[in-house]
Amino acid sequence: MAFPSVAIPFLLLLFFILRRKFQGKRKSKHLPPGPPGLPIIGNLHQLGALPHRSLWELSQKYGPVMSLRLGCVPTVTVSTAETAREVLKTHDLYTCSRPVSAGTKKLSYNYIDVGFSPYGEYWRKMRKICVLELFSARRVQSFHFIREEEVASLVDFASKSASSSTPVDLSEKFMSLTANVICRAAFGKSFKERGFRHDRFQEVVHECIDRLGSFSAADFFPYVGRIIDRLSGLHAKIERSFEEFDAFYEKAIDDHIKKGKEEPGHEDFIDVLLLELGRSQAEADPLPFSKDHIKAILMDIFIGGVDTGTITLIWTMTELARHPRVMRKVQEEIRTCIGDKGKVSESDIEKLEYLRMVLKETYRLHPTGLLIREAMSKINISGYEIDPKTLIQINVWAIGRDPEIWKNPDEFFPERFMHNQIDFTGQNFELLPFGAGRRGCPGMSMGLATVGLALANLLYHFDWKLPYNMKEEDISIEEAPGIITSKKDPLLLVPVRYPHA
């Protein structure tokens, strides 16, 4: 997290204005323990390129409930299942808002989305639309043909590579898979049919996620932060990403309005949201729904869905390549269950118990990032006072590595879930890849359907070898810098066609 040098004179001025205010508050509160900070920036300098790891290291010294100050933002980090339970269950109603942010404000159309909107009546309405209309079991099932067609396309590509013994960049192919599935579910057509370059769309998604994870002075320093962001160029980058996405959404929505539904009974996300728009206008809804609301929800779906699904697929195949025993075992389960059917269908996935264990173990070791909340009123966590407007970070990565919960926590060992009822649906706080409580991910079932189908088919049809005479220990598991725990280096594997498939 680089700190722009141009910020120093502005921050010095800010420090003298705010120091007494913050010192007085800290003396009067029973705050959690935490590392001492520097003037002005607080503990920002202690968050390295991988914040989840930096926070975990600090928690080893200061405990599972830790107080930080990120610039002018009071922050609490929790790092165990029990403290996460207090935040996400015991105090869920009082910690289910989101902090404001320069990047999220722009990309969420001024907080009219679901992911970043503050808690309240409006947010409840928008989440209800997502849960009941966009990601219901019936709706997710209606997109099964899209997932099956896109996975079949991926298998065809791997087959061609197998014929020439060419390594496949699975990082790139998984990104294409998840982006294609979401694009067709959202817009009814592929990127090409919508006139948008597929590779450029992936770049814009990455750019938006990078913007959300970049240091934004406006988030931590009032008054001068916006000036710093403009001088550093961050403001302009966010604007460019937003405008490119906005133009794409605008065209897709207008096409739907002009043409109407082309396939009755197979509504895509825009079809559903346009129905909500018409209902809102007809009934003069006191919480109006506009075209910008549709765009904001679509932004959530793409930013939240494309990268997270891709990351899970990449890490799963990475761990399987590093652990041939597990690879063989999950392949044996799939091939025994499917036999000579020729492909794995979605109805087969629920029978694959060991594959689900593999996914659980991947989510444990490689969750996609921190869970972020904001306290709306004063609460008590493990005996410590937490004030309203405190940023709360749940370090899911640290919980997944807690030796009090997991034996040999750094080992990839799916069998640990064999007689273990812990699941990732938000009811067990030892495993929280999709969050929990009111802010749990509404698109979980959609993401799991894509990930499960892709993995099962790739493992059914192919054996996977390492290229260039690599050994298992040569596979990098280094993480890319940022708040998203993605793999730094591409994953290259050589597919070998399995005879009966």
Side-chain angles (χ1 to χ4, degrees), residues 1-48 51-52 54-55 58-59 62 65-78 87 94-95 97-108 110-111 116 118-119 211-235 238 370-379 381 384-395 482-483:
M1 184 179 289
F3 198 77
S5 59
V6 71
I8 293 175
F10 295 103
L11 298 181
L12 286 172
L13 176 62
L14 180 66
F15 168 63
F16 290 111
I17 295 173
L18 299 177
R19 181 172 65 173
R20 284 190 178 181
K21 176 182 176 183
F22 277 99
Q23 285 179 337
K25 282 190 172 184
R26 290 183 67 88
K27 288 178 181 177
S28 64
K29 301 295 181 184
H30 182 46
L31 295 175
L38 294 177
I40 306 170
I41 66 172
N43 304 103
L44 278 172
H45 66 295
Q46 293 169 301
L47 299 185
H52 56 285
S54 301
L55 292 170
L58 290 170
S59 72
Y62 294 100
V65 184
M66 181 173 61
S67 180
L68 303 167
R69 182 169 56 83
L70 306 181
C72 295
V73 180
T75 304
V76 167
T77 300
V78 301
V87 175
Y94 309 107
T95 63
S97 197
R98 295 285 199 213
V100 298
S101 161
T104 58
K105 180 178 181 180
K106 187 66 179 179
L107 295 174
S108 65
N110 198 22
Y111 305 113
F116 302 109
Y119 181 76
R211 305 298 174 253
L212 294 175
S214 299
F215 172 84
S216 174
D219 296 344
F220 304 111
F221 305 106
Y223 314 122
V224 299
R226 284 189 290 272
I227 298 173
I228 296 169
D229 287 341
R230 288 183 180 276
L231 292 174
S232 69
L234 179 63
H235 177 81
I238 292 174
L370 301 168
L371 301 179
I372 304 296
R373 297 244 184 150
E374 183 180 80
M376 295 187 293
S377 62
K378 182 178 290 188
I379 60 173
I381 300 177
Y384 299 109
E385 293 180 26
I386 311 297
D387 279 337
K389 293 295 182 182
T390 297
L391 176 70
I392 302 176
Q393 302 173 324
I394 297 93
N395 193 345
I483 60 172

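Keep in mind that the numbers below use all heavy atoms, side chains included, and drop hydrogens, waters and symmetry copies.
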Heavy-atom side-chain proximity of [X] to [Y] below 4.5 angstrom:
X: R69; Y: P74; answer: no
X: E374; Y: T390; answer: no
X: R98; Y: P118; answer: no
X: Y62; Y: P32; answer: no
X: D219; Y: V73; answer: no
X: P51; Y: Q393; answer: no

Nearest 0.5 Å, what's the [atom1]-[atom2] distance between [X] and [Y]?
X: I386; Y: I381; atom1: CD1; atom2: CD1; value: 4.5 Å
X: T104; Y: I372; atom1: OG1; atom2: CD1; value: 11.0 Å
X: C72; Y: F221; atom1: SG; atom2: CZ; value: 6.5 Å
X: L47; Y: L70; atom1: CG; atom2: CG; value: 5.5 Å
X: L391; Y: S101; atom1: CG; atom2: OG; value: 10.5 Å
X: L38; Y: N43; atom1: CG; atom2: CG; value: 8.0 Å

Kindly give the heavy-atom pair with the smallest separation between [X] and [Y], and that separation in Å.
X: M66; Y: G34; answer: CG-CA, 4.1 Å
X: Y119; Y: S97; answer: N-OG, 3.3 Å
X: Q46; Y: S54; answer: O-CB, 3.4 Å

Donor-acceptor pair, side chain of [X] and main chain of [Y], under 3.5 angstrom:
X: T95; Y: V87; answer: yes
X: N395; Y: L370; answer: no
X: S377; Y: Y94; answer: no

- prompt: By salt bridge (Lys or Arg N to Asp or Glu O under 4.0 Å), which residues pair with K105, not counting sequence neighbours?
  reply: none
- request: Please lay out, stage by stage, how Y111 and V100 fare under the test side-chain contact (heavy atoms from CB on, under 4.5 Å).
  value: CA-CA 9 Å; Y111 305 113; V100 298; 3.4 Å; yes
- line: In L44, L55, I392, L68, the residue satisfying side chain to side chain contact (heavy atoms under 4.5 Å, CB included) with T75 is L68
